[in-house]
Amino acid sequence: MSEYSPGGAPAAPRDTTALDLRSGATVDPPAVHATAQIDRGQVPPPRPAPEPEPELRSVEAHLDEILAAVPQPEPIELAVLDAQGLLCAEEVVSARALPAFDQAALDGYAVRAEDVVAAAPDAPVELAVVGETVAGAAGLTSLAPGLAQKVSAGAMLPAGADVVVPAVWTDGGVVRVQVHAGPAAGSYVRRAGDDVSPGTAAVHVGTPIGPAQISLLAAVGRDRVQVRPRPRVAVLSAGSELVDITTQPAPGQVVDVNTYALAAAARDAGASAYRWGILPTERRRLTEVLESQLLRSDLVLIAGTHAAEGDLVQEVLAELGPMRFRQVTMHPGAVQGFGRLGRDEVPVICVPGEPVAALVSFEVFVRPAIRSMLGKRQLFRRTVQAISAERLVSPLGYRQYLHGQVMRHPDGGYVVEPLGDGEEALLARMARANCLIVLDEDVTEVAEGGLVTVMPLLLGG
(Lines give C-alpha, C1' and ligand atoms only; values in the text may rest on other atoms or scores of the structure.)
Protein backbone atom coordinates (compact mmCIF):
# COMPACT_ATOMS: atom_id res chain seq x y z
CA MET A 1 0.00 0.00 0.00
CA SER A 2 1.58 3.26 -1.04
CA GLU A 3 0.46 6.84 -1.18
CA TYR A 4 2.93 7.59 -3.93
CA SER A 5 2.99 7.19 -7.66
CA PRO A 6 4.77 4.18 -9.19
CA GLY A 7 8.51 4.25 -8.71
CA GLY A 8 8.24 5.79 -5.24
CA ALA A 9 8.13 9.43 -6.32
CA PRO A 10 5.18 11.47 -5.05
CA ALA A 11 2.43 12.17 -7.50
CA ALA A 12 2.66 15.56 -9.16
CA PRO A 13 0.35 18.12 -7.54
CA ARG A 14 -2.84 18.64 -9.49
CA ASP A 15 -4.21 21.99 -10.52
CA THR A 16 -7.48 21.88 -8.61
CA THR A 17 -8.77 25.28 -9.65
CA ALA A 18 -10.77 23.82 -12.56
CA LEU A 19 -11.67 20.41 -11.15
CA ASP A 20 -14.80 19.11 -9.55
CA LEU A 21 -13.06 17.36 -6.65
CA ARG A 22 -15.97 15.03 -6.09
CA SER A 23 -15.95 13.60 -9.61
CA GLY A 24 -12.60 14.67 -11.03
CA ALA A 25 -14.27 16.25 -14.06
CA THR A 26 -13.37 19.71 -15.27
CA VAL A 27 -16.03 22.32 -14.75
CA ASP A 28 -16.56 25.79 -16.07
CA PRO A 29 -15.89 28.60 -13.62
CA PRO A 30 -19.06 29.91 -11.95
CA ALA A 31 -20.72 32.72 -13.82
CA VAL A 32 -20.29 36.20 -12.42
CA HIS A 33 -23.74 37.61 -11.62
CA ALA A 34 -24.30 41.21 -12.75
CA THR A 35 -26.17 42.71 -9.83
CA ALA A 36 -25.96 46.35 -10.86
CA GLN A 37 -29.12 46.16 -13.02
CA ILE A 38 -31.26 43.99 -10.77
CA ASP A 39 -34.53 45.68 -9.89
CA ARG A 40 -35.18 46.13 -6.23
CA GLY A 41 -38.31 44.12 -6.52
CA GLN A 42 -36.55 41.14 -8.06
CA VAL A 43 -35.12 38.28 -6.06
CA PRO A 44 -31.36 38.19 -6.62
CA PRO A 45 -30.05 34.99 -8.13
CA PRO A 46 -28.60 32.45 -5.69
CA ARG A 47 -24.94 32.69 -4.85
CA PRO A 48 -22.74 30.04 -6.36
CA ALA A 49 -21.92 27.17 -4.02
CA PRO A 50 -18.51 27.57 -2.34
CA GLU A 51 -15.80 25.58 -3.97
CA PRO A 52 -14.64 22.55 -1.97
CA GLU A 53 -11.39 22.91 -0.12
CA PRO A 54 -8.50 21.57 -2.18
CA GLU A 55 -7.29 18.22 -0.87
CA LEU A 56 -3.65 19.09 -1.53
CA ARG A 57 -2.37 21.27 1.30
CA SER A 58 0.92 22.59 2.59
CA VAL A 59 2.82 21.22 5.56
CA GLU A 60 2.26 24.50 7.41
CA ALA A 61 -1.51 24.46 6.84
CA HIS A 62 -1.85 20.91 8.19
CA LEU A 63 0.39 21.66 11.17
CA ASP A 64 -1.47 24.88 11.99
CA GLU A 65 -4.78 23.01 12.06
CA ILE A 66 -3.36 20.47 14.51
CA LEU A 67 -1.75 23.05 16.79
CA ALA A 68 -4.93 25.10 16.90
CA ALA A 69 -6.93 22.06 18.00
CA VAL A 70 -4.77 20.38 20.62
CA PRO A 71 -6.01 21.04 24.18
CA GLN A 72 -4.13 22.61 27.06
CA PRO A 73 -4.53 20.14 29.97
CA GLU A 74 -5.34 21.65 33.36
CA PRO A 75 -2.43 21.87 35.84
CA ILE A 76 -2.02 19.09 38.38
CA GLU A 77 -0.11 18.88 41.65
CA LEU A 78 2.80 16.43 41.83
CA ALA A 79 5.57 15.54 44.23
CA VAL A 80 8.63 17.56 43.27
CA LEU A 81 10.59 14.56 41.97
CA ASP A 82 7.63 13.49 39.83
CA ALA A 83 7.51 17.02 38.40
CA GLN A 84 10.95 16.72 36.81
CA GLY A 85 10.90 17.62 33.13
CA LEU A 86 7.55 19.43 33.33
CA LEU A 87 6.73 23.14 33.38
CA CYS A 88 5.86 24.86 36.63
CA ALA A 89 2.24 26.05 36.58
CA GLU A 90 2.31 28.33 39.63
CA GLU A 91 4.32 31.15 41.15
CA VAL A 92 6.11 29.40 44.01
CA VAL A 93 6.40 32.12 46.69
CA SER A 94 8.90 31.41 49.42
CA ALA A 95 7.87 31.77 53.06
CA ARG A 96 11.51 31.37 54.06
CA ALA A 97 14.70 33.36 53.71
CA LEU A 98 17.53 31.66 51.85
CA PRO A 99 19.92 31.41 53.52
CA ALA A 100 18.04 31.52 56.79
CA PHE A 101 20.97 33.09 58.68
CA ASP A 102 24.28 34.82 57.98
CA GLN A 103 26.76 32.12 57.07
CA ALA A 104 30.32 31.59 55.93
CA ALA A 105 30.77 31.07 52.19
CA LEU A 106 34.02 29.12 52.65
CA ASP A 107 36.41 27.73 55.27
CA GLY A 108 38.31 30.43 57.12
CA TYR A 109 38.03 32.86 60.03
CA ALA A 110 35.11 35.10 60.86
CA VAL A 111 36.42 38.53 61.88
CA ARG A 112 35.56 42.21 61.94
CA ALA A 113 36.72 43.89 58.73
CA GLU A 114 38.10 46.88 60.65
CA ASP A 115 40.45 44.53 62.55
CA VAL A 116 42.18 43.22 59.41
CA VAL A 117 42.04 46.23 57.08
CA ALA A 118 45.78 46.81 57.44
CA ALA A 119 46.85 43.16 57.05
CA ALA A 120 49.55 42.49 54.46
CA PRO A 121 51.87 39.55 53.68
CA ASP A 122 54.87 41.38 55.15
CA ALA A 123 52.86 42.85 58.04
CA PRO A 124 50.22 40.30 59.15
CA VAL A 125 47.58 41.11 61.74
CA GLU A 126 47.44 38.69 64.66
CA LEU A 127 44.10 37.89 66.35
CA ALA A 128 43.07 35.61 69.19
CA VAL A 129 40.97 32.62 68.07
CA VAL A 130 37.90 32.05 70.24
CA GLY A 131 36.60 28.67 69.18
CA GLU A 132 35.39 27.05 66.00
CA THR A 133 31.94 26.71 64.38
CA VAL A 134 30.99 24.11 61.80
CA ALA A 135 27.90 23.88 59.63
CA GLY A 136 24.88 22.88 61.66
CA ALA A 137 26.16 24.25 64.97
CA ALA A 138 25.33 27.69 66.39
CA GLY A 139 28.29 30.06 66.70
CA LEU A 140 29.10 32.55 69.43
CA THR A 141 26.43 35.12 70.12
CA SER A 142 28.87 37.94 69.38
CA LEU A 143 32.46 38.56 68.37
CA ALA A 144 34.36 41.28 70.22
CA PRO A 145 36.96 43.48 68.48
CA GLY A 146 40.38 41.89 68.07
CA LEU A 147 39.01 38.33 68.02
CA ALA A 148 38.52 35.71 65.31
CA GLN A 149 36.42 32.58 65.12
CA LYS A 150 37.35 29.64 62.92
CA VAL A 151 34.39 28.69 60.66
CA SER A 152 33.66 26.14 57.96
CA ALA A 153 31.60 26.75 54.82
CA GLY A 154 27.92 27.03 55.71
CA ALA A 155 28.53 27.74 59.40
CA MET A 156 26.58 30.47 61.18
CA LEU A 157 28.52 33.70 61.65
CA PRO A 158 28.77 35.20 65.12
CA ALA A 159 27.16 38.57 65.61
CA GLY A 160 29.59 41.37 64.92
CA ALA A 161 31.58 39.47 62.27
CA ASP A 162 31.18 41.00 58.83
CA VAL A 163 33.82 39.19 56.79
CA VAL A 164 35.38 35.73 56.44
CA VAL A 165 39.11 35.59 55.82
CA PRO A 166 39.88 32.54 53.64
CA ALA A 167 42.03 29.99 55.45
CA VAL A 168 44.68 30.21 52.71
CA TRP A 169 45.21 33.88 53.60
CA THR A 170 46.27 32.93 57.15
CA ASP A 171 48.79 30.75 58.91
CA GLY A 172 45.99 28.42 60.05
CA GLY A 173 46.53 29.13 63.72
CA VAL A 174 44.36 27.49 66.38
CA VAL A 175 44.95 29.71 69.43
CA ARG A 176 46.14 32.80 67.58
CA VAL A 177 45.97 33.38 63.85
CA GLN A 178 48.04 35.60 61.59
CA VAL A 179 46.02 37.23 58.80
CA HIS A 180 48.08 38.12 55.70
CA ALA A 181 45.36 40.01 53.77
CA GLY A 182 42.23 41.82 54.79
CA PRO A 183 39.18 41.39 52.50
CA ALA A 184 36.53 44.10 52.33
CA ALA A 185 33.50 43.96 54.59
CA GLY A 186 30.92 41.48 53.35
CA SER A 187 33.45 39.31 51.49
CA TYR A 188 32.86 35.54 51.63
CA VAL A 189 29.67 35.99 53.63
CA ARG A 190 26.17 34.83 52.66
CA ARG A 191 23.69 37.16 54.32
CA ALA A 192 20.24 35.94 55.34
CA GLY A 193 17.84 36.35 52.41
CA ASP A 194 20.60 37.09 49.87
CA ASP A 195 19.41 34.18 47.70
CA VAL A 196 15.65 34.34 48.28
CA SER A 197 13.83 36.68 50.62
CA PRO A 198 10.45 35.80 52.18
CA GLY A 199 7.49 36.74 50.00
CA THR A 200 9.38 36.61 46.70
CA ALA A 201 8.92 34.06 43.91
CA ALA A 202 11.43 31.23 43.99
CA VAL A 203 10.19 29.44 40.84
CA HIS A 204 8.08 31.19 38.20
CA VAL A 205 5.21 29.96 36.03
CA GLY A 206 6.53 28.36 32.86
CA THR A 207 9.91 27.41 34.29
CA PRO A 208 11.09 23.90 33.29
CA ILE A 209 11.60 21.88 36.44
CA GLY A 210 15.04 20.28 36.49
CA PRO A 211 17.51 19.35 39.24
CA ALA A 212 18.28 23.00 40.10
CA GLN A 213 14.59 23.90 40.42
CA ILE A 214 13.93 20.80 42.53
CA SER A 215 16.79 21.87 44.81
CA LEU A 216 15.25 25.33 45.19
CA LEU A 217 11.76 23.95 45.79
CA ALA A 218 13.10 21.70 48.54
CA ALA A 219 15.01 24.61 50.08
CA VAL A 220 11.87 26.75 50.38
CA GLY A 221 9.97 23.82 51.89
CA ARG A 222 7.85 22.68 48.95
CA ASP A 223 7.45 18.94 48.54
CA ARG A 224 4.66 19.33 45.93
CA VAL A 225 4.17 21.75 43.05
CA GLN A 226 1.58 22.59 40.38
CA VAL A 227 2.77 21.61 36.89
CA ARG A 228 1.54 21.23 33.34
CA PRO A 229 0.90 17.46 33.09
CA ARG A 230 2.24 15.12 30.48
CA PRO A 231 -0.41 14.64 27.78
CA ARG A 232 -1.81 11.13 27.59
CA VAL A 233 -1.17 9.78 24.10
CA ALA A 234 -2.66 6.50 22.88
CA VAL A 235 -0.74 4.87 20.03
CA LEU A 236 -2.50 2.40 17.73
CA SER A 237 -1.73 0.74 14.43
CA ALA A 238 -4.09 -0.30 11.63
CA GLY A 239 -3.60 -3.01 9.05
CA SER A 240 -4.87 -6.55 8.52
CA GLU A 241 -1.34 -7.59 7.54
CA LEU A 242 0.12 -6.68 10.94
CA VAL A 243 1.26 -9.10 13.65
CA ASP A 244 2.83 -8.37 17.02
CA ILE A 245 6.58 -8.73 17.53
CA THR A 246 6.13 -12.00 19.45
CA THR A 247 4.56 -13.64 16.37
CA GLN A 248 6.55 -15.12 13.52
CA PRO A 249 5.13 -13.37 10.45
CA ALA A 250 3.68 -15.60 7.75
CA PRO A 251 4.15 -14.75 4.06
CA GLY A 252 2.47 -11.40 3.42
CA GLN A 253 2.46 -10.40 7.09
CA VAL A 254 4.64 -7.72 8.68
CA VAL A 255 5.56 -6.96 12.25
CA ASP A 256 3.89 -3.95 13.85
CA VAL A 257 6.84 -1.68 14.58
CA ASN A 258 4.89 1.58 14.45
CA THR A 259 3.23 1.41 17.85
CA TYR A 260 6.59 0.73 19.48
CA ALA A 261 8.44 3.44 17.54
CA LEU A 262 5.72 6.08 17.88
CA ALA A 263 5.15 5.39 21.57
CA ALA A 264 8.90 5.79 22.16
CA ALA A 265 8.91 9.01 20.13
CA ALA A 266 5.95 10.35 22.12
CA ARG A 267 7.70 9.60 25.40
CA ASP A 268 10.86 11.27 24.16
CA ALA A 269 8.76 14.34 23.33
CA GLY A 270 7.50 14.42 26.92
CA ALA A 271 4.15 12.63 26.69
CA SER A 272 2.80 9.80 28.78
CA ALA A 273 2.39 7.33 25.92
CA TYR A 274 0.30 4.18 25.98
CA ARG A 275 0.90 1.58 23.25
CA TRP A 276 -2.44 -0.12 22.60
CA GLY A 277 -1.22 -2.18 19.64
CA ILE A 278 -2.92 -3.44 16.49
CA LEU A 279 -6.51 -2.36 15.93
CA PRO A 280 -9.10 -5.15 15.52
CA THR A 281 -10.62 -5.78 12.11
CA GLU A 282 -14.18 -6.45 13.34
CA ARG A 283 -16.36 -3.32 13.25
CA ARG A 284 -18.03 -3.55 16.66
CA ARG A 285 -14.80 -4.34 18.49
CA LEU A 286 -12.95 -1.64 16.51
CA THR A 287 -15.54 0.94 17.53
CA GLU A 288 -15.25 -0.08 21.18
CA VAL A 289 -11.47 0.24 21.13
CA LEU A 290 -11.48 3.67 19.49
CA GLU A 291 -14.20 4.99 21.80
CA SER A 292 -12.31 3.78 24.88
CA GLN A 293 -9.09 5.44 23.73
CA LEU A 294 -10.91 8.71 23.11
CA LEU A 295 -12.16 8.61 26.71
CA ARG A 296 -8.77 7.97 28.27
CA SER A 297 -6.48 10.09 26.08
CA ASP A 298 -5.61 13.71 25.38
CA LEU A 299 -4.43 12.75 21.89
CA VAL A 300 -4.82 9.60 19.80
CA LEU A 301 -2.16 8.65 17.25
CA ILE A 302 -2.96 6.01 14.61
CA ALA A 303 -0.51 4.65 12.06
CA GLY A 304 -1.62 2.95 8.86
CA THR A 305 -5.02 4.50 8.16
CA HIS A 306 -5.73 6.04 4.79
CA ALA A 307 -8.59 7.52 2.80
CA ALA A 308 -9.15 4.59 0.47
CA GLU A 309 -12.78 3.67 -0.12
CA GLY A 310 -13.82 0.72 2.00
CA ASP A 311 -11.16 1.22 4.68
CA LEU A 312 -12.90 0.07 7.87
CA VAL A 313 -10.84 2.18 10.28
CA GLN A 314 -11.48 5.28 8.21
CA GLU A 315 -15.23 4.54 8.17
CA VAL A 316 -15.42 4.03 11.95
CA LEU A 317 -13.40 7.18 12.60
CA ALA A 318 -15.85 9.14 10.43
CA GLU A 319 -18.71 7.80 12.58
CA LEU A 320 -17.03 9.23 15.70
CA GLY A 321 -16.61 12.75 14.34
CA PRO A 322 -15.32 14.88 11.47
CA MET A 323 -12.18 13.16 10.20
CA ARG A 324 -10.35 14.33 7.07
CA PHE A 325 -7.54 12.77 5.10
CA ARG A 326 -5.53 14.98 2.81
CA GLN A 327 -2.55 14.96 0.50
CA VAL A 328 0.13 17.07 2.18
CA THR A 329 3.01 18.45 0.16
CA MET A 330 5.71 16.39 1.87
CA HIS A 331 7.72 13.28 1.14
CA PRO A 332 7.69 10.76 2.69
CA GLY A 333 4.24 10.72 4.25
CA ALA A 334 2.06 12.59 1.79
CA VAL A 335 -1.26 11.22 3.12
CA GLN A 336 -2.14 12.64 6.53
CA GLY A 337 -5.34 12.57 8.57
CA PHE A 338 -6.68 14.72 11.36
CA GLY A 339 -9.93 15.17 13.24
CA ARG A 340 -11.47 15.91 16.63
CA LEU A 341 -13.58 12.95 17.63
CA GLY A 342 -15.80 11.76 20.42
CA ARG A 343 -17.71 13.60 23.09
CA ASP A 344 -14.67 15.62 24.16
CA GLU A 345 -13.47 16.30 20.60
CA VAL A 346 -10.14 14.58 21.27
CA PRO A 347 -7.53 15.28 18.57
CA VAL A 348 -6.81 12.21 16.43
CA ILE A 349 -3.75 12.27 14.18
CA CYS A 350 -3.36 9.63 11.50
CA VAL A 351 0.02 9.02 9.90
CA PRO A 352 1.13 6.60 7.16
CA GLY A 353 1.77 2.96 7.97
CA GLU A 354 5.21 2.81 6.37
CA PRO A 355 7.55 3.07 9.41
CA VAL A 356 9.97 5.65 8.00
CA ALA A 357 7.11 7.87 6.83
CA ALA A 358 5.38 7.40 10.20
CA LEU A 359 8.37 8.67 12.18
CA VAL A 360 8.98 11.56 9.80
CA SER A 361 5.31 12.50 10.14
CA PHE A 362 5.67 12.33 13.92
CA GLU A 363 8.57 14.78 13.82
CA VAL A 364 6.71 17.21 11.59
CA PHE A 365 3.22 17.13 13.14
CA VAL A 366 2.92 15.13 16.37
CA ARG A 367 5.99 16.23 18.29
CA PRO A 368 5.12 19.95 18.04
CA ALA A 369 1.56 19.12 19.17
CA ILE A 370 2.81 17.27 22.25
CA ARG A 371 5.17 20.11 23.15
CA SER A 372 2.32 22.59 22.74
CA MET A 373 0.22 20.54 25.17
CA LEU A 374 3.13 20.56 27.61
CA GLY A 375 3.19 24.35 27.43
CA LYS A 376 6.66 24.51 25.86
CA ARG A 377 7.65 27.76 24.17
CA GLN A 378 9.98 26.01 21.74
CA LEU A 379 7.73 23.67 19.76
CA PHE A 380 10.16 22.73 17.02
CA ARG A 381 13.62 21.24 16.91
CA ARG A 382 16.37 23.71 16.23
CA THR A 383 17.89 23.55 12.77
CA VAL A 384 21.37 24.28 11.45
CA GLN A 385 22.84 24.92 8.03
CA ALA A 386 25.20 22.22 6.81
CA ILE A 387 27.27 21.44 3.73
CA SER A 388 25.88 18.51 1.77
CA ALA A 389 28.46 15.80 1.13
CA GLU A 390 26.51 14.55 -1.88
CA ARG A 391 24.23 15.79 -4.64
CA LEU A 392 20.58 15.77 -3.54
CA VAL A 393 17.39 15.69 -5.61
CA SER A 394 13.85 16.42 -4.52
CA PRO A 395 10.40 16.39 -6.20
CA LEU A 396 9.13 19.83 -7.18
CA GLY A 397 6.26 21.03 -5.03
CA TYR A 398 6.97 18.65 -2.14
CA ARG A 399 9.02 19.20 0.99
CA GLN A 400 11.53 16.39 1.17
CA TYR A 401 12.78 14.91 4.43
CA LEU A 402 15.92 12.79 4.07
CA HIS A 403 17.66 10.93 6.87
CA GLY A 404 21.33 11.73 7.24
CA GLN A 405 24.36 11.93 9.51
CA VAL A 406 25.48 15.42 10.46
CA MET A 407 29.00 16.04 11.75
CA ARG A 408 31.19 18.96 12.73
CA HIS A 409 33.30 20.17 9.82
CA PRO A 410 37.05 20.39 10.62
CA ASP A 411 37.05 24.01 9.40
CA GLY A 412 33.95 24.93 11.41
CA GLY A 413 30.23 24.57 10.79
CA TYR A 414 28.58 21.28 9.86
CA VAL A 415 28.66 18.75 7.05
CA VAL A 416 25.84 16.28 6.41
CA GLU A 417 25.87 13.00 4.55
CA PRO A 418 22.50 11.66 3.32
CA LEU A 419 21.63 8.05 4.04
CA GLY A 420 19.97 7.00 0.80
CA ASP A 421 17.97 9.06 -1.67
CA GLY A 422 14.62 9.00 0.11
CA GLU A 423 13.11 6.44 -2.26
CA GLU A 424 13.92 3.38 -0.15
CA ALA A 425 12.38 3.13 3.31
CA LEU A 426 14.96 1.10 5.24
CA LEU A 427 14.76 0.79 9.02
CA ALA A 428 18.46 0.05 9.54
CA ARG A 429 19.37 3.14 7.53
CA MET A 430 16.98 5.27 9.56
CA ALA A 431 18.43 3.87 12.81
CA ARG A 432 21.89 5.14 11.80
CA ALA A 433 20.64 8.66 11.12
CA ASN A 434 21.08 11.51 13.58
CA CYS A 435 19.26 14.17 11.57
CA LEU A 436 16.70 15.00 8.91
CA ILE A 437 17.76 16.95 5.83
CA VAL A 438 14.93 19.30 4.84
CA LEU A 439 14.57 20.37 1.20
CA ASP A 440 11.82 22.94 0.60
CA GLU A 441 9.08 22.61 -1.98
CA ASP A 442 10.78 24.85 -4.54
CA VAL A 443 14.13 23.00 -4.33
CA THR A 444 14.65 20.21 -6.85
CA GLU A 445 18.41 19.80 -6.61
CA VAL A 446 21.29 20.66 -4.30
CA ALA A 447 24.80 20.27 -5.66
CA GLU A 448 27.51 18.56 -3.68
CA GLY A 449 28.96 21.19 -1.37
CA GLY A 450 25.73 23.19 -1.30
CA LEU A 451 24.08 24.38 1.90
CA VAL A 452 21.03 22.55 3.25
CA THR A 453 18.83 22.85 6.32
CA VAL A 454 19.40 20.07 8.86
CA MET A 455 17.23 19.10 11.82
CA PRO A 456 19.34 17.20 14.42
CA LEU A 457 17.33 14.41 16.03
CA LEU A 458 18.53 14.76 19.61
CA LEU A 459 16.93 12.53 22.23
CA GLY A 460 14.75 14.70 24.43
CA GLY A 461 15.71 17.74 22.36
Participant: In the structure I gave you, are the side-chain heavy atoms of L286 and L312 within less than 4.5 Å of one another anywhere?
Facilitator: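 Yes, close enough: below the 4.5 Å cut-off.
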
Participant: So which heavy atom on A153 is nearest to which on A135, and how close?
Facilitator: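 Closest heavy-atom pair between A153 and A135: O-CB, 3.8 Å.
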
Participant: Once rounded to the nearest 0.5 Å, what's the spacing between atom OH of Y414 and atom NE2 of H409?
Facilitator: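 NE2 of H409 is found 13.0 Å from OH of Y414.
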
Participant: Taking the ring of H62 and the ring of F365, is the distance between their centroids below 6.0 Å?
Facilitator: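 Yes: the rings meet the under 6.0 Å criterion.
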
Participant: Please examine the side chains of I302 and L317, heavy atoms only from C-beta on, and report whether any two atoms are closer than 4.5 Å.
Facilitator: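 Side-chain contact under 4.5 Å: yes.
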
Participant: Should the pair R432-E417 be classified as a salt bridge under the 4.0 Å nitrogen-to-oxygen rule?
Facilitator: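 Salt bridge between R432 and E417, a charged N being under 4.0 Å from a carboxylate O: no.
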
Participant: Is the closest basic N to carboxylate O distance between R399 and E60 below 4.0 Å?
Facilitator: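 Salt bridge between R399 and E60, a charged N being under 4.0 Å from a carboxylate O: yes.
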
Participant: Distance check, rounded to the nearest 0.5 Å: F338 atom CZ versus I349 atom CD1?
Facilitator: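 One finds 6.0 Å between CZ of F338 and CD1 of I349.
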
Participant: Would you say the side chains of T287 and E319 form a donor-acceptor pair under 3.5 Å?
Facilitator: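 Judged by distance alone, the side chains do not pair up.
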
Participant: Is there a donor-acceptor pair under 3.5 Å between the side chain of S361 and the backbone N or O of A357?
Facilitator: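 Side chain of S361 to backbone of A357, a donor-acceptor pair under 3.5 Å: yes, one is there.
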
Participant: Is V203 close to L216 at the side-chain level, that is, under 4.5 Å between some pair of heavy atoms?
Facilitator: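 L216 reaches V203 side chain to side chain.
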
Participant: For a quick test of reading the model, state the closest non-hydrogen atom pair linking P347 to A69 and the distance between them.
Facilitator: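 That closest heavy-atom pairing would be CG-O, 3.9 Å.
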
Participant: Ion pair present between R285 and E288, side-chain N to carboxylate O less than 4.0 angstrom?
Facilitator: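 Salt bridge present between R285 and E288.
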
Participant: Rounded at 0.5 Å granularity, tell me how far CG in L78 sits from CG in L86.
Facilitator: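 One gets 6.5 Å once the value is rounded to the nearest 0.5 Å.
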
Participant: Strictly by modelled atom types, are Q336 and R57 linked by a side-chain donor-acceptor pair under 3.5 Å?
Facilitator: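 Judged by distance alone, the side chains do not pair up.
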
Participant: Are the side chains of V364 and L63 in contact, using a 4.5 Å heavy-atom criterion?
Facilitator: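 Sidechains of V364 and L63: no contact.
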
Participant: Can you list every pair that meets side-chain hydrogen bond (donor to acceptor under 3.5 Å, both in side chains) and has a residue in residues 270-279, with sequence neighbours left out?
Facilitator: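 Only T259-R275, Y260-R275 qualify under side-chain hydrogen bond (donor to acceptor under 3.5 Å, both in side chains).
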
Participant: Is the closest side-chain heavy-atom distance between E448 and E390 below 4.5 Å?
Facilitator: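 No, side chains not in contact.
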
Participant: Return the minimal non-hydrogen interatomic distance between R96 and S94, and the atom names on each side.
Facilitator: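 Answer, listing the atom of R96 first, then S94: O-OG, 2.7 Å.
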
Participant: Check the surroundings of atom CD in Q378: do more than 12 heavy atoms from other residues, nucleotides or ligands lie under 6.0 Å from it?
Facilitator: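 Yes, enclosed.
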
Participant: Please report the C-alpha distance between R343 and E291 in whole Å, then the side-chain angles of each, then the deciding distance to 0.1 Å, and finally whether the salt bridge (charged side-chain N to carboxylate O under 4.0 Å, His left out) criterion is met.
Facilitator: CA-CA 9 Å; R343 179 193 62 194; E291 287 179 336; over 6 Å; no

Participant: Hey, are R222 and E90 close enough for a salt bridge, meaning a charged N less than 4.0 Å from a carboxylate O?
Facilitator: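 Yes, R222 and E90 are salt-bridged.
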
Participant: Assess the side chains of S152 and D107: does a donor N or O sit below 3.5 Å from an acceptor N or O?
Facilitator: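 Short answer, no.
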
Participant: Could you tell me whether the side chain of L67 reaches within less than 4.5 Å of the side chain of P368, counting heavy atoms only?
Facilitator: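 In short, these two side chains touch, coming nearer than 4.5 Å.
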
Participant: With R230, which residues qualify under salt bridge (Lys or Arg N to Asp or Glu O under 4.0 Å), at least two apart?
Facilitator: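 By the salt bridge (Lys or Arg N to Asp or Glu O under 4.0 Å) rule, R230 matches no residue at all.
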
Participant: Just how far is it from atom CG of L392 to atom CD1 of I437, taken to the nearest 0.5 Å?
Facilitator: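 Going from CG on L392 over to CD1 on I437, the span is 5.5 Å.
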
Participant: Contact between R232 and M373 at the side-chain level, heavy atoms closer than 4.5 Å - yes or no?
Facilitator: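 Counting from C-beta outward, R232 and M373 never come under 4.5 Å.
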
Participant: For residues L290 and L279, determine if any side-chain heavy atom of one lies less than 4.5 Å from a side-chain heavy atom of the other.
Facilitator: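 The answer is yes; the side chains approach within 4.5 Å.
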
